[in-house]
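See below for the structure under consideration.
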Amino acid sequence: MVATDLPTSARAIAMSHDVDGWYATVGVHPHDCDGFDMSTVAALRELAGNSCVRAIGESGLDFYRDHQPPALQERAFRAHCRLAADLDLPIVVHQRDSLDVVERVLREELGAAGGVMHSFTGPPASVPRFVALGMHISISGIVTFKRADEVRATAAAVPEDRLLIETDAPYLAPTPMRGRRNEPAYLVHTAAVVASVRNVSVSSLRATTTRNARELFRCAPTP
């Protein structure tokens, strides 16, 4: 469960303790980084000490909505990257209209644990650059949208050992569930399209992405 600020970080941890096989991230989304400072980093560090926390984020840069000044977003993003590197945890990265700057920051700050480009919509040509940095590429319900040909091409281009799929719930419900509140059950529709463009079976894709997620986030199989 991916957090977007300090309260949701604490809530993700609390919920993860209630269900076997659930894990949490801790982080501050670029939309919510107003007031981000070293005390925020200290709070995230303390939260990250919990046994169910498997990643830092969601952090990154959003120059489309631009709810916070770009300089503040980048400062917060760099702090998240440094915290993840210090704790040897992967980072969950949000990017929108900021691909080149995100790549530069990751090149300068990313730790050995790597991370994931979440709900990735970059072009196929960008995939090798982020993979070379140590990132996984996660495909959301956007891949099912009628006009998402480039996202489908990107999904086909991701190396097998770096591919993930996701909900981005409660947003980005896949076709044919568009307009509804997204939920994990709808991931089957995303998986079907990704499997199709990669010319593999859904069961094969499920095994691949489950294995990749467990390895990236160091999660044991659910009993």
Side-chain angles (χ1 to χ4, degrees), residues 1-4 12 22-27 29-30 53-62 64 77 80-81 84 89-99 102-103 105-106 110-111 113-145 148 150-175 182-198 200 202 204-219:
M1 294 193 296
V2 179
T4 57
W22 283 20
Y23 300 96
T25 77
V26 296
H29 193 282
V53 173
R54 299 304 167 91
I56 300 297
E58 157 181 4
S59 183
L61 301 172
D62 193 315
Y64 176 78
F77 182 32
H80 280 80
C81 289
L89 289 172
I91 186 165
V92 178
V93 176
H94 171 99
Q95 70 80 28
R96 195 166 184 190
D97 285 3
S98 57
L99 199 64
V102 165
E103 181 182 355
V105 172
L106 290 175
L110 185 64
V116 55
M117 303 297 295
H118 113 89
S119 190
F120 192 68
T121 57
S126 68
V127 169
R129 303 202 306 268
F130 287 97
V131 167
L133 288 173
M135 299 297 289
H136 286 63
I137 305 296
S138 186
I139 305 298
S140 69
I142 293 174
V143 76
T144 69
F145 296 177
E150 185 171 72
V151 178
R152 285 186 282 275
T154 294
V158 180
E160 182 177 351
D161 64 344
R162 298 298 183 91
L163 179 67
L164 299 173
I165 56 175
E166 64 172 276
T167 61
D168 196 33
Y171 309 110
L172 301 180
T175 302
N182 201 3
E183 59 181 75
Y186 298 165
L187 195 61
V188 294
H189 303 291
T190 300
V193 172
V194 175
S196 176
V197 300
R198 294 177 67 87
V200 299
V202 172
S204 174
L205 182 84
R206 180 178 63 215
T208 294
T209 55
T210 299
R211 180 178 64 250
N212 292 344
R214 286 174 175 162
E215 290 178 355
L216 175 63
F217 298 116
R218 303 168 192 171
C219 301

What verdict does the side chain to side chain donor-acceptor pair (under 3.5 Å) test give for His94 and Asp62, after you've listed the backbone C-alpha separation in whole Å, the side-chain angles of each residue and the deciding distance to 0.1 Å? CA-CA 7 Å; His94 171 99; Asp62 193 315; 2.7 Å; yes

For the residue pair Arg54 and Phe217, would you count it as a cation-pi contact if the rule is NZ or CZ under 6.0 angstrom from the ring centre and within 45 degrees of the ring axis? no

Return the CD1 to OG1 distance between Ile142 and Thr175, rounded to the nearest 0.5 Å. 11.0 Å

Quick check: do Val93 and Leu61 have side-chain heavy atoms less than 4.5 Å from each other? no

Rounded to the nearest 0.5 Å, what separates atom CD in Glu215 from atom CG in Leu164? 10.5 Å

Run the side-chain contact (heavy atoms from CB on, under 4.5 Å) test on Tyr23 and Met1 for me, step by step, so that the C-alpha distance in whole Å, both residues' side-chain angles and the decisive distance to 0.1 Å come before the verdict. CA-CA 6 Å; Tyr23 300 96; Met1 294 193 296; over 6 Å; no

Can you tell me if Arg152 uses its side chain to pair, donor with acceptor, with the backbone of Phe145 under 3.5 Å? yes

Going by atom types alone, do Glu166 and Ser138 pair a side-chain donor with an acceptor below 3.5 Å? yes

For Leu205, does its backbone N or O pair with a side-chain atom of Thr209 as donor and acceptor, under 3.5 Å? yes

Let's go through Met117 and Leu106 carefully: what are the C-alpha distance in whole Å and the side-chain angles of both, what is the deciding distance for side-chain contact (heavy atoms from CB on, under 4.5 Å) to 0.1 Å, and is it a yes or a no? CA-CA 11 Å; Met117 303 297 295; Leu106 290 175; 3.9 Å; yes

Do Arg198 side-chain atoms and Val158 backbone N/O form a donor-acceptor pair below 3.5 Å? yes

Walk me through it: do Ile91 and Thr25 pass the test side-chain contact (heavy atoms from CB on, under 4.5 Å)? CA-CA 9 Å; Ile91 186 165; Thr25 77; over 6 Å; no

Short side-chain donor-acceptor distance under 3.5 Å, Thr4 and His29: no

